[in-house]
Amino acid sequence: MTDSLDPARIVAEFLVSNLSETLPPGLLLISDSGADLVVKEGAEVTPCLDLALISNPENADDFAGLIHVALDSVQVAVSRITRLPWPRVGESLNVVDAYSIQVGRSISSGYGTADDPLLPLPPLPLPETLT
């Protein structure tokens with residue numbers, strides 16, 4: 001990923017790269033037209049969110065918020081398809097929230113909490129344009 005990409009595309013590429021292997025079997029997370037996240041199951045496509053429709057983040061907190069909104073939208077789409085909460089802890093039907101916080105010059109995100117992550121993602125460096 002490069003800083004020359006707009007924040008929406010950076011987030012979309014990051015999530016596609018890091019969530020794809022964690023989805024339930026048969027589901028794929030793809031980015032349609034750069035910043036539009038969708039979950040695909042066979043020929044069926046369930047829209048998540050077009051990140052390009054959200055205002056460009058002006059600072060690190062806004063960027064973390066963009067990631068959080070995207071994580072929430074993926075979670076809702078996967079749960080809608082499977083009719084079960086995702087991600088799941090064992091057989092529990094409890095919904096696990098997404099988190100996204102700034103840690104230094106990167107964003108820590110995933111599902112669970114920053115202190116007790118269920119499905120942590122690798123840190124995403126902040127674009128150089130954000131402080």
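Because the structure is a prediction, the values reported are computed rather than measured. In this chain, residues are counted from 1 in sequence order.
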Which atom names give the shortest non-hydrogen contact between [X] and [Y], and what distance separates them?
X      : Y      : value
Gly34  : Ala12  : O-CB, 3.4 Å
Glu128 : Arg105 : CA-NH2, 4.0 Å
Val11  : Ala70  : CG1-CB, 4.0 Å
Ala35  : Ala8   : CB-CB, 3.9 Å
His68  : Ala98  : NE2-O, 2.9 Å

Is there side-chain contact between [X] and [Y], with heavy atoms separated by less than 4.5 Å?
X      : Y      : result
Val39  : Cys48  : yes
Leu124 : Ser109 : no
Leu49  : Ile54  : yes

With no hydrogens and no angle check, is any side-chain donor or acceptor of [X] less than 3.5 Å from a backbone partner on [Y]?
X      : Y      : result
Gln75  : Val96  : yes
Ser17  : Phe14  : no
Ser108 : Pro123 : no
Tyr111 : Leu71  : yes
Gln102 : Gly104 : yes
Ser106 : Val103 : yes

Quiz item: Quick one: which of Thr82, Leu27, Leu23 gives a side-chain contact (heavy atoms from CB on, under 4.5 Å) with Glu41?
Solution: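 Per the side-chain contact (heavy atoms from CB on, under 4.5 Å) rule, the option paired with Glu41 is Leu27, out of Thr82, Leu27, Leu23.
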Quiz prompt | Residue list, side chain to side chain contact (heavy atoms under 4.5 Å, CB included) with Val76, at least two apart or on another chain | solution =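 Listed in chain order: Arg80.
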Quiz item: Taking it one step at a time, do Leu19 and Leu121 satisfy side-chain contact (heavy atoms from CB on, under 4.5 Å)?
Solution: CA-CA 8 Å; Leu19 282 180; Leu121 300 177; 3.7 Å; yes
Quiz prompt | Set of residues satisfying ring-ring contact (aromatic ring centres under 6.0 Å, His included) with respect to Phe63, sequence neighbours excluded | solution = none
Quiz prompt | side-chain contact (heavy atoms from CB on, under 4.5 Å) assessment of Leu119 paired with Trp86 | solution = CA-CA 10 Å; Leu119 178 59; Trp86 177 86; 4.1 Å; yes
Quiz item: Can Asn59 and Leu130 be said to form a side-chain contact (heavy atoms from CB on, under 4.5 Å), step by step?
Solution: CA-CA 5 Å; Asn59 55 47; Leu130 300 178; 5.5 Å; no
Practice problem: Could you please spell out the steps behind the side-chain contact (heavy atoms from CB on, under 4.5 Å) verdict for Leu37 and Val16? | Solution: CA-CA 8 Å; Leu37 292 171; Val16 167; 3.9 Å; yes
Quiz prompt | ILVMFWY clustering at 4.5 Å (side-chain atoms), partners of Leu93 | solution =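 Other cluster members: Leu84.
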